[in-house]
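Proteins come first, then strands; the chains are lettered A, B, ... in the order of their sequence lines, and each starts at number 1.
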Number of protein chains: 2
Amino acid sequence: MESSQLLFKIQVNSKIYVKDPETSVLGKKIIEYGILLIDEIGFEEFTFKKLGDLIGSNESSLYRYFENKHKFLIYLSSWYWSWIEYRIHVATNAVVNPFEKLTLAITIATEKIEDDSTTAHINESILNKIIIQEFTKTLHTKEVDEENKEGFFLIYKRIINTIIAFVNEVNPDYPYAKSLVSSIVEGSLHQHFLMCHLKTITNCSEHNKPTNFYLHLISTLLKK
Amino acid sequence: MESSQLLFKIQVNSKIYVKDPETSVLGKKIIEYGILLIDEIGFEEFTFKKLGDLIGSNESSLYRYFENKHKFLIYLSSWYWSWIEYRIHVATNAVVNPFEKLTLAITIATEKIEDDSTTAHINESILNKIIIQEFTKTLHTKEVDEENKEGFFLIYKRIINTIIAFVNEVNPDYPYAKSLVSSIVEGSLHQHFLMCHLKTITNCSEHNKPTNFYLHLISTLLKK
DNA sequence: TAAAATTGAAAGTATTACTATTAACTTTAC
DNA sequence: GTAAAGTTAATAGTAATACTTTCAATTTTA
């Protein structure tokens, strides 16, 4: 377990938190149970008061780690995308064929996450559910431009840029690489959402995953 | 003006409101200035108290029209999608060629809306900005399944189903018509958002609109 | 002209989203 | 080993939100 934690260092922008939650027991409890509570009651109903009650800590203690629940969600999202980025890096690192690299990256970025035990206090499968349900809310605020300047969305944009480079390797003549990739990464969250809640307007299901749709899309679209 | 209103009857599910805002002067003021206020301060900061102050009415009067601000946003969204549906219907009605019908529908669904004077109290261009910024929030709640059962998202799904039928006419062998269309309708809002806020991960700009990206996409993808 | 419906004003409640203060506890430094 | 520094918890407090209720005034309609 220690060795796996050495291999994988999550890089969350330090401006997102007041105090790094990875540095204390309370901090890790906030992350662990915060994920579970947001999944259970949804981000709108989630408050630091409720999370404090759940972990037996006072509300004010939680404010020493995160300014507010919006920053907390940005923290969880950054952690998630950093973890995805790491997995894309590991999977594609030794691969030479551009189309194979692209396929691997898109698979990792669009797949449903099954439980993983890399980190003791984070349930990646539930975190993935939260990202599907809530990630869009980190961007859709009046503060998005300032927060973007502060670098809060850097990891997310870096993943997209990595995949854009793969698309350009596969077919340098395709004129919409950026829009295609940002569509796929965001759109796959949406397809997962539709699978759960608006089943009639998606082809995706347990047996026919969003990943299949997007792999079919890129192979048709980038054919020369 | 009267004749244009006869031609175009918006069908908003009556469960969305407490009292139909179209039936009174106050109701129309709520819609008109509600749109302007959400655009100005964002949905998170928007409250009925602030809107009441803006239009010189008491907060409690606004609650006679809408249960809460979430329902108000669903009302505005339904109005918007109903208006888009009407425009798609008018544009494609007399067209026989399936690819042309599809092109027209996708253009209408993905284009930025310039001001339109169909209705005196609704600024469609600003409403379009609100949809780009806030529509996703109507779906991403814990109540989405109940609200879907109540039919709150019917018009949105109906537009998508209409375009799915056009895709099937163009190429009945394409296996992901539903996911493709739901991706396009939702994704175009996202591309418009990126154009404003995260310019580095989209090819879209004033000169190269999301509509172009999607028209290129379907013509490549549905080619036989 | 009476009845019904609409609106506004005022007051009230529970909860949210914090901040400030102080005391208790833990860690580190010499 | 003890003093100083830092961390955490408990309590209390504030302003705003998201409503609801009541009642009076006004407007509409029958």
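A donor-acceptor distance shorter than 3.5 angstrom exists from the side chain of Lys50(B) to the backbone of Glu45(B), with no hydrogens or angles considered.
Between Leu62(B) atom CG and dT7(C) atom C1' there is a gap of 11 Å when expressed in whole angstrom units. Protein atom CG of Leu51(B) is 13 Å distant from nucleotide atom P of dT17(D), rounded to whole Å. Taking atom CZ on Phe48(B) and atom P on dT17(D), their separation rounds to 13 Å, with Å as the unit. For the pair Tyr65(A) OH and dC18(C) P, the interatomic distance rounds to 18 Å; values are reported in whole Å. What separates CD of Glu45(B) from P of dA18(D) is a distance of 9 Å, to the nearest Å. The interatomic distance linking Asp20(A) (CG) with dG6(D) (P) rounds to 19 Å, in whole Å.
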Encoded 5' to 3' (Watson-Crick or G-U under 3.5 Å; [ ] crossing; | other strand), DNA chain D becomes ||||||||||||||||||||||||||||||

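Between dA9(D) and Ser57(A), a contact under 4.0 Å exists linking OP1 or OP2 to a side-chain N or O. Side-chain nitrogen and oxygen atoms of Lys50(A) include at least one within less than 4.0 Å of the OP1 or OP2 phosphate oxygen of dT16(C). The shortest distance between the side-chain N/O atoms of Ser24(B) and the OP1/OP2 oxygens of dT7(C) is below 4.0 Å. Between Lys69(A) and the phosphate of dT16(C), there is no side-chain N or O to OP1/OP2 separation shorter than 4.0 Å. Taking 4.0 angstrom as the limit, Lys19(A) places a side-chain polar atom (N or O) nearer than this to OP1 or OP2 of dT8(D).
Across dT17(D), dT7(C), dT8(D), the shortest atom-to-atom separation from the side chain of Ser61(B) is found for dT7(C). With dT7(C), dC19(D), dT16(C) as the choices, the nucleotide that has an atom nearest any side-chain atom of Thr47(A) turns out to be dT16(C).
Side-chain contact of Glu44(A) with His140(B): a donor-acceptor pair under 3.5 Å is absent, judged by distance alone. Side-chain contact, Tyr176(A) with Ser183(A): no donor N or O sits under 3.5 Å from an acceptor N or O. For the residue pair Thr211(B) and Glu111(B), no side-chain donor N or O sits within less than 3.5 Å of a side-chain acceptor on the partner.
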- request: Apply side chain to side chain contact (heavy atoms under 4.5 Å, CB included) to Glu124(B) and Trp79(B), showing your working.
  value: CA-CA 10 Å; Glu124(B) 288 85 2; Trp79(B) 196 99; 3.7 Å; yes

**Message:** Determine whether Leu102(B) and Ile163(B) satisfy the following criterion, side chain to side chain contact (heavy atoms under 4.5 Å, CB included), listing intermediate values before the conclusion.
**Reply:** CA-CA 7 Å; Leu102(B) 180 60; Ile163(B) 306 179; 3.6 Å; yes

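Between Phe135(B) and Tyr80(B), the ring center distance fails the sub-6.0 Å criterion.
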Atom pairs under 3.5 Å: protein N/O with N/O of nucleotides 19-26 of chain C:
none

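By the 4.0 Å N-to-carboxylate-O rule, Asp53(B) lies close enough to Lys49(B) to be salt-bridged with it. Look at Arg158(B) and Glu85(B) and you find a salt bridge, because one of the NZ, NE, NH1 or NH2 atoms lies within 4.0 Å of a carboxylate O, short of that distance.
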